[in-house]
Amino acid sequence: MRTSQFLISTLKESPSDAVVISHQLMLRAGMIRKVASGLYNWLPLGLRALRKVERVVREEMDAAGAQEVLMPTVQPAELWEETGRWYQYGGELMRIKDRHNRDFCIGPTHEEVITDLARNELSSYKQLPINLYQIQTKFRDETRPRFGVMRSREFIMKDAYSFHANQESLQETYERMHAAYSNIFSRLGLDFRPVAADTGSIGGAMSHEFHVLADSGEDDIAFSNQSDFAANVELAEAVAPTEARPAASSALETIDTPEQHSIEEVSDFLKIDNKQIIKTLIVEGFISDDDKEAGKKPNLVALVLRGDHELNELKAEKLEGISNPLVFAKEEDIQQQLGCKPGSIGPCNLNIDVIVDRSAAIVADFVCGANVDGKHLTGTNWERDAQITRIEDLRNVVEGDASPDGKGTLEIKRGIEVGHIFQLGTKYSEALKATVLDENGKAKTMTMGCYGIGVTRVVAAAIEQNFDDRGIIWPEAIAPFQVSIVQIDANKSEEVVKRSEALYNALTDLGVEVLLDDRDKKTSPGVKFADAELMGMPHRIVFSSRGLKKGIVEYKARKDSKDDAIEMPADDILNFIKEKLNK
RNA sequence: CGGAGCGUAGCGCAGCCUGGUAGCGCACUUGCAUGGGGUGCAAGGGGUCGUGGGUUCAAAUCCCCCCGUUCCGACCA
């Protein structure tokens, strides 16, 4: 491709609404343009990168035995009514009506449609397992689209759905997909981690997310520095400390702490480490619907953590006797039942259940609220001064915690979720009555798995991980073009034109994607260099009259540091590039 | 959904406070020069100042409604 015939839409300045680097660079390099909030045009350059990702995904899915299909973006409401999601889904589901006033939605996902397809086409266990996928546009009417194509409303997703006669078969396909995903992200040249994920409302089933590590990620990922353990911070277990609680050495004392409520305030006021302070959060206990309707109030429960730790709400709400979803107690209920405000609560002499985090349970001589406004206790000790009802894992893991698999310690980094694999079980097949006949001729509900990759998001994530102050640095596998050839002085030197076009043709014949910058003489060398760097092609070759007089051309890899282009005889460049690209 | 900000040329912004119907940089067009890091000079094209209403002799500017959009948070996954 020649730049004289290719839509180059580079920008010097980035639009003010772009806050993350990938969004800025995609706009500046001329990959995308916004049409409306969360809706984007993909320009030729961007689309080339997108197609690269699709190709890798397609190849690996095919290699893993999945078959490609294509389902419609617009879906009838009837199917969603059958699974109940027409009513459960909130505003994210874009509902529309056709000219006959029938209800439809624009698909945010395709479980309903694929399961409908499966129940119509599959009738025997002999046809199982089967794994069907598509690469297709989805629409989710996000409350807050942001970060360009990282969280847009319309986006392209690869979604696969597998159908099985039993759990073992599902497990097998699940593992194959796990491996296929690892292949995909490795081939794309991304630093990623598969992480154990929350299974959410479906419960019980297994789920993994694939995260690309990048500071701008929206999720916290905890992973071991010595093994391949990785989990969403929400889910990672904070293992029980191995050390025993030190013996009590101080006497219990009540001190005045006027207007000191938060851990930070108390720690500054008393000049002690917040690890020596214990914080007590009051939440509502579990209450049955009947009791609620009868107007009863839930019991209160105290959750106790070390001052420097954070409550993990997911862990807390899963505990027996605690409301799910978790509800913090109202201030007036606390005042009424415990006799003080939330800032002064402690675990001593409470007449409610006291659930203590594993780490908080081994602190001795600690500071805590006195259950009297404006007062704290020092030298407090478990058993002697305060009773523990139960010890549980209540907190978020922090950097340096022991890894739950016993190997190494945890690091925490931000991740961008680019893939998610899930064992669905029979949630959809049951609702839609998707059955096959088993060996005994009896109808059996199929077991399902689903596997998604945010294709458009992968493009953005790749940039988040690969850029410098001049622009994008594409991984080889995603680059819109592999090689850029820059002509300098082409209008003055026949030689420049001849030699650069010869290389361009030779590489193109080998199937290499080349962008030849043959823009006219008004385009200065600086502009060509700056555009090539912004657009991020991995390999750059410069032909100039000055160089060719000496018989040399210049080569520079985009990922190498700034000004270390290497010179070589013009006759060698073709072989040099062929070697670089393994052609 | 709660809070805040912004809407003036394709992009980035000034003008608004203190009303007198638009300006800068980039980009674009033309010419001349230049030719290894966003080149110079000159001449141009492009805006019903988000929409509607109000105040006023006069509104980009002051007031009100609406719409769009962004950020923070909540929600969702």
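Just so you know, these numbers come straight off a predicted model, no measurement behind them.
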Practice prompt. Could you please name the option among B:A77, B:U39, B:C71 that lies closest to any side-chain atom of A:Glu417?
Written response: B:A77
Worksheet item: Checking all strands, does A:Ser545 fall into the base, sugar-phosphate, or nothing category for heavy-atom contacts under 4.0 angstrom?
Response: nothing
Worksheet item: With rounding to whole Å, what would you report as the distance between B:G19 and B:U55 at their C1' atoms?
Response: 11 Å
Worksheet entry | Listed partners of A:Phe576 passing ring-ring contact (aromatic ring centres under 6.0 Å, His included), at least two apart | A:Tyr555
Discussion item. Quick check: any donor-acceptor pair below 3.5 Å linking the side-chain of A:Glu13 to the base of B:G10?
Written reply: no
Worksheet, complete the sentence: With the side chain defined as heavy atoms from C-beta on, A:Glu92 is closest, among B:U70, B:C76, B:C75, to B:C76
Worksheet entry | RNA chain B: 5'-proximal contact among A:Gly38 and A:Asp531 (nearest heavy atom) | A:Asp531
Practice prompt. Could you tell me whether A:Asp531 and A:Arg519 have a side-chain N and a carboxylate O separated by less than 4.0 Å?
Written response: yes
Worksheet item: Across all strands shown, which nucleotide pairs with B:A42 by Watson-Crick or G-U wobble geometry, both distances under 3.5 Å?
Response: B:U30
Discussion item. Between B:G40 and B:U51, how many Å separate the two C1' atoms, rounded to a whole number?
Written reply: 44 Å
Worksheet item: Restricting to pairs with a member in residues 480-500 of chain A, which pass ring-ring contact (aromatic ring centres under 6.0 Å, His included), not counting sequence neighbours?
Response: A:Phe6-A:Phe481
Discussion item. When you measure from the side-chain N and O atoms of A:Lys528 to the phosphate of B:G38, is any distance below 4.0 Å, counting only OP1 and OP2?
Written reply: no
Worksheet item: Would you say a side-chain N or O of A:Ser16 is under 4.0 Å from OP1 or OP2 of B:C11?
Response: no
Worksheet item: Considering only side-chain heavy atoms of A:Ser37, which listed nucleotide, B:G38, B:G35, B:U69, is closest?
Response: B:U69
Discussion item. Side chain of A:Pro15 only, heavy atoms from C-beta on: which candidate in B:G12, B:G38, B:A77 is closest?
Written reply: B:G12
Practice prompt. Using the P atom on both, measure B:C63 against B:G23 and round to a whole Å.
Written response: 25 Å
Worksheet, complete the sentence: B:C6 -> Watson-Crick or G-U wobble partner, both distances under 3.5 Å, gives B:G68
Fill in: Closest listed nucleotide, where the reference is the side chain of A:Phe529 and the choices are B:A27, B:C71, B:G37
B:G37
Discussion item. Would you say that A:Met31 contacts A:Ile463 through its side chain, given a criterion of any heavy-atom pair below 4.5 Å between the two side chains?
Written reply: yes
Worksheet entry | Selection from B:C75, B:A77, B:G37 that lies nearest to any side-chain heavy atom of A:Asp219 | B:A77
Worksheet entry | Minimum-distance nucleotide to A:Val527 side chain [options: B:C76, B:G38, B:G35] | B:G38
Worksheet item: How would you label the contact of A:Arg519 with the nucleic acid (heavy atoms, under 4.0 Å): base, sugar-phosphate, or nothing?
Response: nothing
Response to the item:
By the Watson-Crick or G-U definition, both distances under 3.5 Å, B:G35 is matched with none
Practice prompt. Over all heavy atoms of both residues, which pair between A:Gly307 and A:Lys279 is shortest? Give the atoms and the distance, please.
Written response: O-NZ, 3.8 Å
Worksheet item: Is A:Arg95 positioned over the aromatic face of A:Trp86, cation under 6.0 angstrom from the ring centre and no more than 45 degrees off axis?
Response: yes
Worksheet item: What nucleotide among B:G38, B:C76, B:A77 has an atom nearest to a side-chain atom of A:Arg28?
Response: B:G38
Practice prompt. Write down the distance separating the C1' atoms in B:C13 and B:C57, rounded off to the nearest Å.
Written response: 33 Å
Practice prompt. Any strand is fair game: report the nucleotide pairing with B:C17 by Watson-Crick or G-U wobble, both distances under 3.5 Å, or none.
Written response: none
Worksheet entry | Residue whose nearest RNA chain B nucleotide is more 5′ - A:Val542 or A:Glu142 | A:Val542
Item to complete: Side chain of A:Lys522 only, please: which of B:C76, B:G40, B:G35 is the nearest?
Response: B:G40
Worksheet item: Can you tell me the Watson-Crick or wobble partner of B:A60, both distances under 3.5 angstrom?
Response: none
Worksheet entry | Sugar-phosphate, base or nothing in reach of A:Lys34, heavy atoms under 4.0 Å | sugar-phosphate
Response to the item:
Applying the 3.5 Å cut-off to both distances, the Watson-Crick or G-U partner of B:A22 turns out to be none
Discussion item. Are the side chains of A:Pro194 and A:His178 in contact, using a 4.5 Å heavy-atom criterion?
Written reply: yes
